[in-house]
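Encoded as structure tokens, the structure appears first; notes follow it.
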Amino acid sequence: MIERTKSIDIAARIVLIVGVAFILAPLVIAFLTATLSYEQFVRNGGITLQIGGHFLDNLAHIWTETALPAQLWNSIVISTLVAAIKCAFAFTATFALVFFDNRLNRLVFALTLVTVMLPLELVVITTYQIVANVAMPLNWLLSLTGLGEITGLGSDLRLSLLDTYIGVAAPIACGSTSVFIYRQFFLSLPRDLPRAAAMDGAGPWRFMWDILLPLSWTPLVATFMFWFIGGWTQYLWPLVAASTPDAQPAVVGLARLATSEPDRIPEVPMLMTGALFVSFLPVVLIAVMQRQIVRGLNLSEK
């Protein structure tokens with residue numbers, strides 16, 4: 001039984017108000033700064049709570065004079081690829097781990113979770129070497145077996161995925177967090193469900209596609225949105241893998257808005273405008289899909 005008292009309700013409201021203020025304060029400051037011109041910002045001596053009238057001018061400059069609009073499209077494509085690859089591989093891998101009995105299932109599941117302990121930032125150099133030449137394993141095989149000399153291919157084949165969407169997205173998508181989420185959901189389903197589907201003549205592929213996939217729609221949507229936002233906010237690997245502005249996502253392009261002149265104050269109003277411009281789409285998606293995200297991450301929801 002949960003006891004409800006007036007003092008507890010008041011304390012909860014105070015904590016909620018303080019938390020909301022703590023979260024919204026940076027956004028408010030960023031918006032107020034984005035409304036200033038560069039001259040007003042310098043004259044005010046930095047960030048203040050003064051509101052100006054140059055937000056639309058700054059936004060027009062971002063849209064017409066920078067590469068952020070094109071890089072915004074890059075972010076959409078890369079984030080969609082990251083989310084789609086993660087969800088597709090995690091769904092099929094979890095299907096095999098849960099619905100196909102094998103004594104090595106627990107070991108394989110444990111090994112997949114090990115990848116969580118190896119974030120991309122720790123292996124960025126090795127990852128760069130692989131993406132710079134994805135034919136490296138084939139070269140090793142040709143050299144080991146001698147087929148390179150026999151076929152005339154040699155052992156120095158090169159295929160670079162740098163400055164491509166898949167080259168940026170694929171390493172980010174290597175992770176197994178979704179496997180854990182899907183596994184918990186699959187285990188909460190009735191144990192007789194696969195047997196009943198088999199009695200109706202449904203094979204493994206049909207069971208996965210026609211029965212399991214519709215039942216898993218809610219957690220799939222939630223994890224897709226979660227990984228879409230995760231791909232959107234990636235900075236280090238896109239900075240390394242995409243060397244040209246045409247291939248870089250918006251987060252990397254935003255960092256390049258800062259002036260490179262050592263004796264000049266950075267154009268902070270333009271940076272704040274760019275930050276709001278880049279953050280607009282993820283914020284809208286979270287606001288629209290928040291109910292589906294919460295339901296999907298609730299493992300007891302079926």
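Here, residue 1 is the first one in the sequence, and each next residue gets the next number.
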Looking at Q40 and L36, what are the two nearest heavy atoms and their distance?
-> OE1-CA, 3.5 Å

Measure the CD1-CG distance between I211 and L213 for me, rounded to the nearest 0.5 Å.
-> 11.0 Å

Atom OG of S79 and atom CD of Q234: how far apart are they, to the nearest 0.5 Å?
-> 9.0 Å

Side chain to side chain, L162 and S243, heavy atoms closer than 4.5 Å | no

List the steps and the verdict of side-chain contact (heavy atoms from CB on, under 4.5 Å) for Q71 and V252.
-> CA-CA 9 Å; Q71 291 170 340; V252 177; over 6 Å; no

Under 3.5 Å: donor-acceptor pair, side chain of T35, backbone of L32 = yes

Among Y182, W205, F91, F207, find the residue that satisfies the ring pair (Phe, Tyr, Trp, His ring centres under 6.0 Å) test when tested with F99.
-> F207

Should L27 and V20 be counted in the same cluster of Ile, Leu, Val, Met, Phe, Trp and Tyr side chains packed under 4.5 Å apart?
-> yes

Answer whether the closest heavy-atom distance between the side chains of R183 and L97 falls below 4.5 Å.
-> no

Spell out, as yes or no, whether a donor-acceptor pair under 3.5 Å connects the side chain of Q248 to the backbone of G253.
-> no

So how far is it from L56 CG to H61 NE2, rounded to the nearest 0.5 Å?
-> 14.5 Å

Spell out, as yes or no, whether a donor-acceptor pair under 3.5 Å connects the side chain of W232 to the backbone of V278.
-> yes

Mark yes or no for whether T92, through its side chain, and F89, through its backbone, hold a donor-acceptor pair below 3.5 Å.
-> yes

What is the minimum heavy-atom distance between N105 and A96, and which atoms define it?
-> ND2-O, 4.3 Å

Rounded to the nearest 0.5 Å, what's the gap from OH on Y38 to CZ on R43? Could you check?
-> 12.5 Å

What are the two closest heavy atoms between S75 and A250, and how far apart are they?
-> OG-N, 2.7 Å

Is it possible for you to say whether I23 and L49 belong to one hydrophobic cluster, with membership spreading through side-chain heavy-atom contacts below 4.5 Å?
-> no

Hey, any chance I62 and V283 share a hydrophobic cluster, counting ILVMFWY side chains that come within less than 4.5 Å of each other, even indirectly?
-> no

D246 backbone acceptor or donor facing N74 side chain under 3.5 Å = yes

Under 3.5 Å, side chain of N133 to main-chain N/O of L159, donor-acceptor pair present?
-> yes

Could you state the interatomic distance from OG (S178) to CH2 (W227), rounded to the nearest 0.5 Å?
-> 5.0 Å

Can you list the steps and then say if Y165 with L81 is a side-chain contact (heavy atoms from CB on, under 4.5 Å)?
-> CA-CA 8 Å; Y165 288 143; L81 285 174; 3.8 Å; yes

Main-chain N/O of V168 paired to W237 side chain as donor or acceptor, under 3.5 Å | yes

Nearest heavy-atom contact between L68 and L254 is CD2-N, 3.8 Å

Hphob cluster co-occupancy, M199 + F100, side-chain heavy atoms under 4.5 angstrom = no

How about L24: does its CG atom have over 12 heavy atoms from other parts shown lying under 6.0 Å from it?
-> yes

What is the distance from atom OG1 of T127 to atom CG of L120, rounded to the nearest 0.5 Å?
-> 5.0 Å

Does the side chain of S160 come within less than 4.5 Å of V131's, by heavy atoms?
-> no

Hey, does P69 have a side-chain heavy atom less than 4.5 Å from the side chain of L72?
-> no

Please tell me if the side chains of R13 and I8 come closer than 4.5 Å, counting only heavy atoms from C-beta onward.
-> no

Do any N or O atoms from the side chain of T126 and from the backbone of V123 form a donor-acceptor pair under 3.5 angstrom?
-> no

Could you check whether the rings of F109 and F180 sit parallel, tilted or perpendicular, using 30° and 60° as the cut-offs?
-> parallel

Give the C-alpha distance, both sets of side-chain angles, the deciding distance and a yes or no for side-chain contact (heavy atoms from CB on, under 4.5 Å) between T218 and F185.
-> CA-CA 10 Å; T218 300; F185 177 77; over 6 Å; no

Correct closest heavy-atom pair for A173 and V82 would be CB-O, 3.9 Å

Taking the six-membered ring where the residue is Trp, are the ring centres of F95 and F186 under 6.0 Å apart?
-> no

Minimum heavy-atom distance P269-S37, with the two atoms named | CG-O, 3.9 Å

Kindly work out whether a path of hydrophobic side-chain contacts (I/L/V/M/F/W/Y, heavy atoms less than 4.5 Å apart) joins I29 to F22.
-> no

Would you confirm whether N58, through its side chain, and T273, through its main-chain N or O, come within 3.5 Å as a donor-acceptor pair?
-> no

Audit row: T48, F41, side-chain contact (heavy atoms from CB on, under 4.5 Å) steps and yes/no | CA-CA 8 Å; T48 63; F41 176 79; over 6 Å; no

